[in-house]
Visitor: 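If you scroll down you'll find the structure; I have some questions about it.
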Amino acid sequence: MSEILFYLGAVMIIIGGICDLFGAIGLLRFPNFYVRLHAATVGTIGGAVVPLFGVALLALGADFLPHRYAIAGASFITGIIVLLAAPAGATALAYAAHKAKLVEWKPKVDHLAEVRGND
Amino acid sequence: MLESTFMTLMKFIIPLYIAAFVIYAVRAFKGPSIPDVILAVDCMSFDIAAFMAILAVYFKSTFLVSGAITLALWAYLLDIYVAKHLARGEVGA
């Protein structure tokens with residue numbers, strides 16, 4: 001039973017590391033701030049929440065750890081905090097960047113401006 | 001048995017996280033506008049929080065995870081304050 005939890009957590013940690021690297025490459029290579037938000041979501045949800053839940057499962061399954069229940073519970077709570085806080089922070093940042101007009105933005109289709117222009 | 005498996009796992013995991021951290025730092029240093037810098041610092045903080053939870057298992061220490069909780073909350077606070085400063089021009093309650 002403990003081996004199953006341990007290997008499940010190890011697989012989740014490996015998935016988290018790969019997602020984190022891909023999110024970082026996307027954040028470096030994408031052209032625009034609003035496109036970079038997508039890579040940032042990959043880097044936070046896939047790269048922080050998944051390995052934190054993986055650490056929780058791995059610490060529950062690991063027999064060699066002292067205080068393993070404390071590590072498992074604290075990393076589970078950290079995963080829930082990141083899962084709630086990262087989308088809210090990204091949404092607030094995108095709203096602020098659009099409202100302060102800091103980012104150069106050239107959309108191909110803008111339905112809202114068309115509707116407002118017709119009124 | 002499980003401990004040696006975890007130590008061989010860490011040999012693959014540590015370079016992935018350090019490479020991701022360096023690439024986030026490059027974007028944070030050269031980001032053209034303020035939201036890019038804040039987004040890169042945000043991703044870097046969540047990355048360090050997850051990496052500290054992994055290092056807590058590696059070093060067998062509980063105290064690293066309490067630092068991870070504080071780091072995640074600090075990144076959210078930075079987001080909200082900078083967004084409010086950019087949108088309204090002030091940082092108030």
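All chains are named by letter (A, B, ...) in the order of the sequence lines, taking the proteins before the strands, and each is independently numbered beginning at 1. FYI, side chains are in, hydrogens and waters are out, and symmetry mates aren't considered; it's all heavy atoms of this structure.
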Visitor: Give, as side chain, backbone, both or neither, the part of A:Leu65 having an atom under 4.5 angstrom from any heavy atom of chain B.
Guide: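 It is the side chain, since no backbone atom gets that close.
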
Visitor: Could you tell me if the side chain of A:Tyr7 sits less than 4.5 Å from the side chain of B:Thr5, heavy atoms only?
Guide: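 In contact.
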
Visitor: Please round to the nearest 0.5 Å and tell me the distance separating atom CG of A:Leu93 and atom CD1 of B:Ile80.
Guide: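 Going from the CG atom of A:Leu93 to the CD1 atom of B:Ile80 covers 9.0 Å.
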
Visitor: Do the side chains of A:Lys99 and B:Leu86 get nearer than 4.5 Å, heavy atoms only?
Guide: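 No - every pair of side-chain heavy atoms lies 4.5 Å or more apart.
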
Visitor: Does any backbone or side-chain atom of A:Leu58 lie under 4.5 Å from a heavy atom of chain B? Answer side chain, backbone, both or neither.
Guide: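 The answer is the side chain of A:Leu58.
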
Visitor: Tell me, out of A:His98, A:Arg68, A:Arg36, who's got the most heavy-atom pairs with chain B below 4.5 Å.
Guide: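 Highest number of pairs under 4.5 Å: A:Arg36.
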
Visitor: Measure A:Phe64 against the heavy atoms of chain B and call it side chain, backbone, both or neither at under 4.5 Å.
Guide: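 Backbone plus side chain of A:Phe64, per the 4.5 Å heavy-atom cut-off to chain B.
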
Visitor: Could you tell me if the side chain of B:Ile13 sits less than 4.5 Å from the side chain of A:Ile14, heavy atoms only?
Guide: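 Yes, at least one pair of side-chain atoms sits under 4.5 Å.
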
Visitor: A:Leu27, A:Ile18, A:Thr44: which one forms the most heavy-atom pairs within less than 4.5 Å of chain B?
Guide: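 Of A:Leu27, A:Ile18, A:Thr44, A:Leu27 has the most heavy-atom pairs under 4.5 Å with chain B.
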
Visitor: Pick whichever of A:Ala62, A:Ala24, A:Ala97 has the most heavy-atom pairs under 4.5 Å with chain B.
Guide: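 Option with the top pair count is A:Ala24.
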
Visitor: When rounded to the nearest 0.5 angstrom, what distance separates CZ in B:Arg27 from CZ in A:Phe30?
Guide: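 Rounded to the nearest 0.5 Å, the CZ-CZ separation comes out at 11.0 Å.
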
Visitor: Out of A:Asp20, A:Leu21, A:Ile71, return the one with the most heavy atom pairs under 4.5 angstrom to chain B.
Guide: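 Top option by heavy-atom pairs under 4.5 Å: A:Asp20.
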
Visitor: Out of A:Ala88, A:Ala85, A:Ala92, which one racks up the most heavy-atom pairs below 4.5 Å with chain B?
Guide: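 Ranked by heavy-atom pairs under 4.5 Å with chain B, first place is A:Ala85.
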
Visitor: Please classify the contact of A:Ala94 with chain B as side chain, backbone, both or neither, using a heavy-atom distance under 4.5 Å.
Guide: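 Neither part, no heavy atoms under 4.5 Å.
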
Visitor: Could you give the distance from CG (A:Leu52) to CD1 (B:Ile54), rounded to the nearest 0.5 Å?
Guide: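 The distance works out to 7.5 Å.
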
Visitor: Taking side chain as C-beta onward, heavy atoms only, is B:Leu39 less than 4.5 Å from A:Phe33?
Guide: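 B:Leu39 reaches A:Phe33 side chain to side chain.
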
Visitor: Distance from B:Tyr76 atom OH to A:Ile81 atom CD1, nearest 0.5 Å?
Guide: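 With rounding to 0.5 Å, OH (B:Tyr76) is 11.5 Å from CD1 (A:Ile81).
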
Visitor: Name the region of B:Phe12, side chain, backbone, both or neither, that has any atom closer than 4.5 Å to a heavy atom of chain A.
Guide: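 Neither part, no heavy atoms under 4.5 Å.
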
Visitor: Given heavy-atom pairs under 4.5 angstrom as the criterion, report whether the side chain, backbone, both or neither of B:Ala40 touches chain A.
Guide: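 Contact with chain A is through both the backbone and side chain of B:Ala40.
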
Visitor: In Å and rounded to the nearest 0.5 Å, what is the CZ to OG1 distance from B:Phe46 to A:Thr78?
Guide: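 Taking CZ in B:Phe46 and OG1 in A:Thr78, the distance rounds to 11.0 Å.
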
Visitor: Would you name the heavy atoms of B:Val65 and A:Ala74 that are closest together and state the gap between them?
Guide: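 That would be CG1-CB, 3.3 Å.
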
Visitor: Does atom CZ (A:Phe76) have a neighbourhood of more than 12 heavy atoms from anything else shown, all under 6.0 Å?
Guide: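 12 or below, so no.
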
Visitor: When only pairs under 4.5 Å are counted, which of A:Pro51, A:Gly17, A:Ala48, A:Ala100 shares the most heavy-atom pairs with chain B?
Guide: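 Heavy-atom pairs under 4.5 Å are most numerous for A:Gly17.
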
Visitor: Please state whether the side chain, the backbone, both or neither of B:Pro32 comes within less than 4.5 Å of a heavy atom of chain A.
Guide: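 Contact with chain A: side chain only.
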
Visitor: Working to the nearest 0.5 angstrom, can you tell me the gap between A:Ile80 CD1 and B:Ile69 CD1?
Guide: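 Going from CD1 on A:Ile80 over to CD1 on B:Ile69, the span is 11.0 Å.
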
Visitor: If you look at every heavy atom in B:Ala50 and A:Gly47, which pair is closest and at what distance?
Guide: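 Answer, listing the atom of B:Ala50 first, then A:Gly47: CB-O, 4.0 Å.
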
